[in-house]
Each structure stands twice: as C-alpha cells, then as structure tokens.
Amino acid sequence: MVNVAILGFGTVGSGVAEVLAGHEGSIARKADGLIRLKYILDVRDFPDNPFRDCFVKDFAAIEGDPAVDIVVETIGGTGAALDFTRRALEAGKSVVTSNKELVATHGYELTRLAKERGVCYLFEASVGGGIPIIRPLSQCLAANEILEIYGILNGTTNYILTRMIRAGLSFDAALKEAQEKGYAERDPSADVDGHDACRKICILAAIAFGRHIYPEQAPTEGISGISLADVDYAESAGKKIKLLGRAIRREDGRVCVYVAPHLVDHSDPLAGVEDVFNAITVRGDSIGDVMFYGRGAGKLPTASAVVADVMDVARNLGHRKALSWDEGGEDAVCGVEELRSRWYVRAAASADELRIALGGKLPAGRGTGSGEAACLTDEAMTRGELDRKLAGIETLSVMRVLD
Ligand code: HSE
C-alpha cells in the first residue's frame, strides 16, 4: 500500500481526495496496489467533511511519518509550498504538484533535490490542467529536437477574448462576466496580465530545451489593452486575437520565450480554440506539429492529472522518474527584440499615412473610425525596425501576426 498526504484542501486538493476515493478500485488496479489517503494538511477545520479523520494542521506529522510515500502539494504560491516541498523531498518522499508558480520559479532546485534524494518531483497538472503535455513532451516526443512550443495557456483570457470576438463585449464587460462565472479571480491580474501563461511556457521551455527559464526572463504582455477596434480589424483580415505563450529555439541554442497577444489566421487550429479551453502546439524536427487540446483548469480535470502522477510514482516506487534540467542564466535566452514577424498596427493616423510609413508593398489598411487606422504589414521585421518605420506616428495597438 502507498500512503499519500495532500497539502492544501482547496479546489485542486479536494478534487484529488475525491478522485482518489471515487476511483479507488480502478486506481489500485492500474497502479498495481492500493493508494491510501492518509493525511490532509490545512489550517482550516472541516468537521463535516467525509475525509475529516485525515486532517492535520502541522506539516511535521507528515514529514515525520515514514509511512508517507507521496506528498501532493496543492497549496499554491511559493511560501509554505516551497518550504514543505523541500522538506518532503529531503525526507525521502516524492512530491506531486499542480503549482505552476513554484515549478516555474524553483523547478531547477526542486528537480535537482529530488534527483539527489532518489525520489520524484512530478507536475503534470502545472501546465494545461487536465491536458497531458509534460509527459508527452518529456517522454513521447523525446526523440525530437523541439523547435518551438506555442499555445493558448490560460483559459480565463481565452474566455474573455472569445466573448469580445463572439458577443462584441468590451474587455471590461467580458472580464466581469468571467468573474461572475468563477473563471477569473477577484484580482484577475495573474491571468489578464499574462503571468499565469508566462509561468506555464517557462516550464514547457525548461523541459523542451533543457535549461531553466525564469519568468522574469520572459517578456510578458496581457490582454487588457485590446479593444473592440482591434477585434474587428482582425476579423476583417480573417484572423483572431489569441494570447499566446511561445518558446522558440534559435540556431545558436538560445531560447526566446515570451507571452503576448497575436493575430492568428482562421486556418490555424488555435483560432478554433474557444472559451476556457487551452491548446498547445509542439513543433519537433521529426514529428512536425503536434497539438494538445482540452480543459486547462478546473477541479476535476486538474485533479485527474495530479492523481495520474501519484499513480506513476506509486507504480515506480523506489525507481526515480527523472525529470530535470540544467540551471538557467543570461546565456540561455535571447531577447524578443531579435524575433522577426509580421505586425498588426493600429495608430492615430489615416490609412494612407500608415501605409506610407510602413512602405514597401502596400499593406491592406482601413480606417477604424475617429482618426485611427489599422493594418497588417506584409513584410516580416523586428519590433525595432517596425518602430523606426512608425517614428512620428502614435501607435495605439501593436501585435505580432502568427505566421
Ligand atoms: N487561472 C488559470 C486559467 C487556471 O484561467 O487558465 C490555472 O492556471
């Protein structure tokens, strides 16, 4: 029998308990043995909860119990979660988590510690919720050189953009609706400012390219500046606005990682990913493009990924499942300013002024009303080149085009 302790009985932690109890028989069959929930750590009291006998308030009870094999960390953040994860690994226990912030900021240290102690640190649920992506990327696609990973990594912002595009809601109205439906937090900045997507693309980049990429190394832009004028122009050009996280390997081995809104062509499968769904495309040198699609958040989808990691550890108890990468550094990344792409520009100018400034073959432009115009460049260029062409013109919105 394998004993599990859950740290944090919030949405994901309680989902893990429910899935472990609800699927006990089939989990035991697939994991080659019973997995028992022995402890739940939470500062709150849950006297009427069916798992009430499992609750403890002091992590030392779990840390000091040699019968606990696997600790599930669903506290979130980098405070107690980091302390307890370090202590659990030091105590020779494997740790499974859904905590993207902790993996994105301390993944190098924690995977190395797990390696030294001969245990596992697994985090399938940290990216894409219930969508399998960490294991496919690290195992099934391992024979490929990964060239690029890009995707819609945040359900809340995808919901907001979908409502702006489909219902013509303003950003503020769509955000309010997302909050009413329970998708967006009361303080929505981690989602709408792109930080949640940034943490996820940093984790994927570390696995794919072998070095830790810290969130502060990845320029991050959210969706709060997007207006209905941008949405309308994108539609008229056959494109949809999507918030993408991207990690692109350059020829010199450095990786460019960033999060920003992009214009995506209707023919790209990402354009059809709507509401709270997530999708991630991985481009490998042998396989070409592979896309992973599904529910990127939510109690049971995320819990299912956590429990699958628990089962993986249980099946391989005593055999460490290596998932680690090297330390990052300045030389691991290249600046986003080196990336060339086509651009969408909305500016305080007439369509003719904008076309003349952008020069070359005239891009299709059109007035968007009240002294504004928008267009897509035909030519790929860096942001610096674009800014030089637009010198003297006030830009209102600038986004990359995903080609
Ligand atoms: N708030 C996140 C999202 C869920 O909307 O996708 C988990 O990262």
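Note that this is a predicted model, so its numbers are computed, not measured. Order of appearance sets the numbers: ligands from 1, and atoms from 1 within every ligand.
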Exercise. Step by step, work out the ring pair (Phe, Tyr, Trp, His ring centres under 6.0 Å) result for Tyr293 and Phe277.
Key: CA-CA 7 Å; Tyr293 169 83; Phe277 282 86; 5.2 Å; yes

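With no hydrogens or angles considered, no side-chain donor-acceptor pair links Asn158 and Asn154 at under 3.5 Å. Of the N and O atoms on the side chains of Thr162 and Asp275, not one donor lies less than 3.5 Å from an acceptor on the other residue. In summary, the side chains of Ser341 and Arg400 do present a donor paired with an acceptor at a separation below 3.5 Å, with no hydrogens or angles considered. A side-chain N or O of Ser227 and one of Arg346 form a donor-acceptor pair less than 3.5 Å apart.
His106 has its ring centre no less than 6.0 Å from the ring centre of Tyr108.
Around ligand 1 you find Lys100, Asn154, Gly155, Thr156, Asp191, Asp196, Lys200, Ala297, each with a heavy-atom distance below 4.0 Å.
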